[in-house]
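Reviewing the structure listed below.
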Amino acid sequence: MLLSLVVHTYSLRYWFPAVVMLGTAPAYVLSWGACRVLTAVLPSRLYRRMDDHLYNIYQSLVLFFFENYTGVEIVIYGDVPKIKENVVYLSNHQCTADWIIADMLAIRQKALGHVRYVLKDGLKWLPLYGWYFSQMYLVIFPEGTRYNPELKKMISDSQAFATKEGLAALDHVLTPRMKASHVAIETMRDHLDAVYDITVVYEATLGKSSDRQPAPTMPEFLCKESPRVHIHFERVDMKEIPPESVFFRGWLHKRFEIKDQMLTTFYESEDPDKKGKFPGEGQRSHLSIMKTLPSLLFLGGLTLPMLLTESGRKLYVRTWVYGTLLGWLWVNVSP
């Protein structure tokens, strides 16, 4: 009985935020629809501003759970600019919670509503949100898939490919693919200020020995199993990035060689002053609950009244059903 209670309580630590984040989706989509209708005859910049503001509200709700609710400690190495910039964000990739790290940095720059993602094609089928997420870009994971230290064959295949191509074999990241990164950067080069090169470590992956452990899944993260996240930040000015594809490939791989060296030291160094840390001084960065709680109250305040009446519940269900179907139709017919 006691064990069942413990297991049930543990599962609630994940299901509660999951239900809230997904459960507010109809209210968010209806708000977006109203915004779209109201701005249909107005200049497009007004719609973009309202869309960014609504997106900021939802992402702030997400951060309420991933930072304030979990109580995770964020340690940042490097100086994150205080002002907003037009950037491409490149990061190592190891778990389903990686995308939230971009939000964690963006909210500290007051740029949360402007974050967009390159996502796997299959995510466009996500109910209700899929069509919306499928339009997003700018946050890129060049490895293409998640690094898992337990998947030895995947790592060895990646190393073999690098060696075949005359590139350095990497141990703690996969060989980066250049195409998406190169296309994104070159397409927007005239509008970009910099590339943010990000290296992330979930401290829970630092085992008692030198063996690296798998990164926490999104449910595990929400269940407070990642008490500290280390984020190494480096701003790369656009003039340092070669436009030619052959040189860009070498530049990108070199960035991942640097990541690999830092991660090797983090996980394997015999020096206790270096192990478990990135180079430089890490600064603990606390996110005030007042930056996220209002969004939870706003979307919750729109959702609860819908669920309290029969007509509201019908609207809620129809929004889920028809919104999802229309979204799937959109991603199939849009170019």
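Both backbone and side-chain heavy atoms feed into the values below; hydrogens, waters and symmetry mates do not.
- Under the 4.5 Å side-chain heavy-atom criterion for Ile, Leu, Val, Met, Phe, Trp and Tyr, M50 and L302 are members of distinct hydrophobic clusters.
- Here the options are T175, L174, L167, the test is side-chain contact (heavy atoms from CB on, under 4.5 Å), and the partner is F161; only T175 passes.
- The aromatic rings of Y267 and H172 lie parallel to each other, with less than 30° between the two planes, well short of the 60° mark.
- With D193 contributing its side chain and D237 its backbone, the two residues share no donor-acceptor pair below 3.5 Å.
- At least one side-chain heavy atom of V236 sits less than 4.5 Å from a side-chain heavy atom of W251.
- Checking side-chain atoms of K152 against main-chain N and O of P149 turns up a donor-acceptor pair under 3.5 Å.
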Should Y89 and W99 be marked as a side-chain contact (heavy atoms from CB on, under 4.5 Å) after you check the CA-CA gap, both sets of side-chain angles, and the distance that decides it? CA-CA 10 Å; Y89 168 112; W99 62 275; over 6 Å; no
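- In this structure, CZ in F64 is found 12.5 Å from CG in L299, a value given to the nearest 0.5 Å.
- Between I155 and N148, the shortest heavy-atom distance links the atoms CD1-O, 3.6 Å.
- Side-chain contact, D98 with H93: a donor N or O sits under 3.5 Å from an acceptor N or O.
- For the pair P26 and V29, the minimum side-chain heavy-atom distance is 4.5 Å or more.
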Intermediate values then yes/no, side-chain contact (heavy atoms from CB on, under 4.5 Å), S91 and I101: CA-CA 9 Å; S91 176; I101 305 299; over 6 Å; no
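- V183 and M178 fall into different hydrophobic clusters, where Ile, Leu, Val, Met, Phe, Trp and Tyr are joined by side-chain heavy atoms under 4.5 Å apart, directly or via other members.
- Once rounded to the nearest 0.5 Å, the distance linking NE2 of H232 with OG1 of T199 reads 6.5 Å.
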List the steps and the verdict of side-chain contact (heavy atoms from CB on, under 4.5 Å) for M104 and R108. CA-CA 7 Å; M104 290 175 176; R108 288 162 169 83; 3.8 Å; yes
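- A donor-acceptor pair under 3.5 Å is formed between the side chain of T39 and the backbone N or O of C35.
- The structure places CG of L293 at 8.0 Å from CG of N68, a figure rounded to the nearest 0.5 Å.
- Side-chain contact check for I198 versus L90: every heavy-atom pair is 4.5 Å or farther apart.
- Nearest heavy atom pair, residue V173 against residue D260, reads N-OD1, 3.6 Å.
- A pairwise comparison of heavy atoms in A111 and K84 identifies CB-CG, 3.8 Å as the closest pair.
- Listed for the T205 side chain is a donor-acceptor partner under 3.5 Å among the backbone atoms of Y202.
- Cluster membership for V19 and V317, using ILVMFWY side-chain heavy atoms within less than 4.5 angstrom, is not shared.
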Show the numbers, then the answer: is there a ring pair (Phe, Tyr, Trp, His ring centres under 6.0 Å) between F16 and F65? CA-CA 10 Å; F16 170 62; F65 288 108; 5.7 Å; yes
List the steps and the verdict of side-chain contact (heavy atoms from CB on, under 4.5 Å) for I241 and R189. CA-CA 10 Å; I241 304 172; R189 178 176 284 271; 4.0 Å; yes
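- Side chains of E143 and Y147: no donor on one and acceptor on the other come within 3.5 Å.
- Annotation: R49, atom CZ; neighbour count of heavy atoms from other residues, nucleotides and ligands within 6.0 Å does not exceed 12.
- The backbone N or O of G23 lies less than 3.5 Å from a partner atom in the side chain of Y316, making a donor-acceptor pair.
- Donor-acceptor pairing under 3.5 Å is lacking for the side chains of R313 and T309.
- Following chains of ILVMFWY side-chain contacts shorter than 4.5 Å, one can reach I57 starting from M290, so the two form part of one hydrophobic cluster.
- One N or O on the side chain of S156 and one on the backbone of K153 form a donor-acceptor pair closer than 3.5 Å.
- Within a 6.0 Å radius of CD in E240, other residues, nucleotides and ligands contribute more than 12 heavy atoms.
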Can you list the steps and then say if S245 with R249 is a side chain to side chain donor-acceptor pair (under 3.5 Å)? CA-CA 6 Å; S245 60; R249 184 186 192 188; over 6 Å; no
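- In plain terms, the two heavy atoms of L263 and R212 that are nearest each other are CD1-NH1, 4.5 Å.
- Transitive grouping of hydrophobic side chains (ILVMFWY, heavy atoms separated by less than 4.5 Å) brings W15 and I100 into a common cluster.
- Side-chain atoms of T217 come within 3.5 Å of backbone N or O of E220 as a donor-acceptor pair.
- Checking side-chain atoms of T265 against main-chain N and O of Q261 turns up a donor-acceptor pair under 3.5 Å.
- Put simply, OH on Y322 and CG on L315 are 11.5 Å apart, with the number rounded to the nearest 0.5 Å.
- Counting heavy atoms of neighbouring residues, nucleotides and ligands inside a 6.0 Å radius, atom CD of E165 exceeds 12 of them.
- Remark: L30 CG to T24 OG1 distance equals 11.5 Å, nearest 0.5 Å.
- Each of N56, L54, V62 was compared with Y58 under the side-chain contact (heavy atoms from CB on, under 4.5 Å) criterion, and only V62 meets it.
- In this structure a side-chain-to-backbone donor-acceptor pair under 3.5 Å is missing from S60 to T292.
- Within the 4.5 Å cutoff, side-chain heavy atoms of S181 are placed close to those of F248.
- Taking each heavy atom of A162 and A169 in turn, the nearest pair found is CB-CA, 4.2 Å.
- The minimum heavy-atom distance between G276 and L206, with the atom names listed, is CA-CD2, 3.8 Å.
- A donor-acceptor contact shorter than 3.5 Å links the side chain of H253 to the backbone of A168.
- Tested against K259 for a side-chain hydrogen bond (donor to acceptor under 3.5 Å, both in side chains), the candidates D197, T264, N92 yield a single pass: D197.
- Atom CZ of residue F278 and atom CD1 of residue I231 lie 9.0 Å apart, to the nearest 0.5 angstrom.
- Both the sub-6.0 Å distance and the 45° axial angle are not jointly satisfied by R235 relative to the ring of Y196.
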Under 3.5 Å donor-acceptor pairs involving side-chain atoms of residues 69-81, not counting sequence neighbours:
residue: Y69; atom: OH; partner: R13; partner atom: O; Å: 2.9
residue: T70; atom: OG1; partner: F66; partner atom: O; Å: 2.7
residue: T70; atom: OG1; partner: E67; partner atom: O; Å: 3.4
residue: T70; atom: OG1; partner: V72; partner atom: N; Å: 3.3
residue: E73; atom: OE1; partner: R228; partner atom: NE; Å: 2.6
residue: E73; atom: OE1; partner: R228; partner atom: NH2; Å: 3.4
residue: E73; atom: OE1; partner: R284; partner atom: NE; Å: 3.1
residue: E73; atom: OE2; partner: R284; partner atom: NE; Å: 3.3
residue: Y77; atom: OH; partner: H230; partner atom: ND1; Å: 2.9

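- T96 places a side-chain heavy atom less than 4.5 Å from the side chain of R146.
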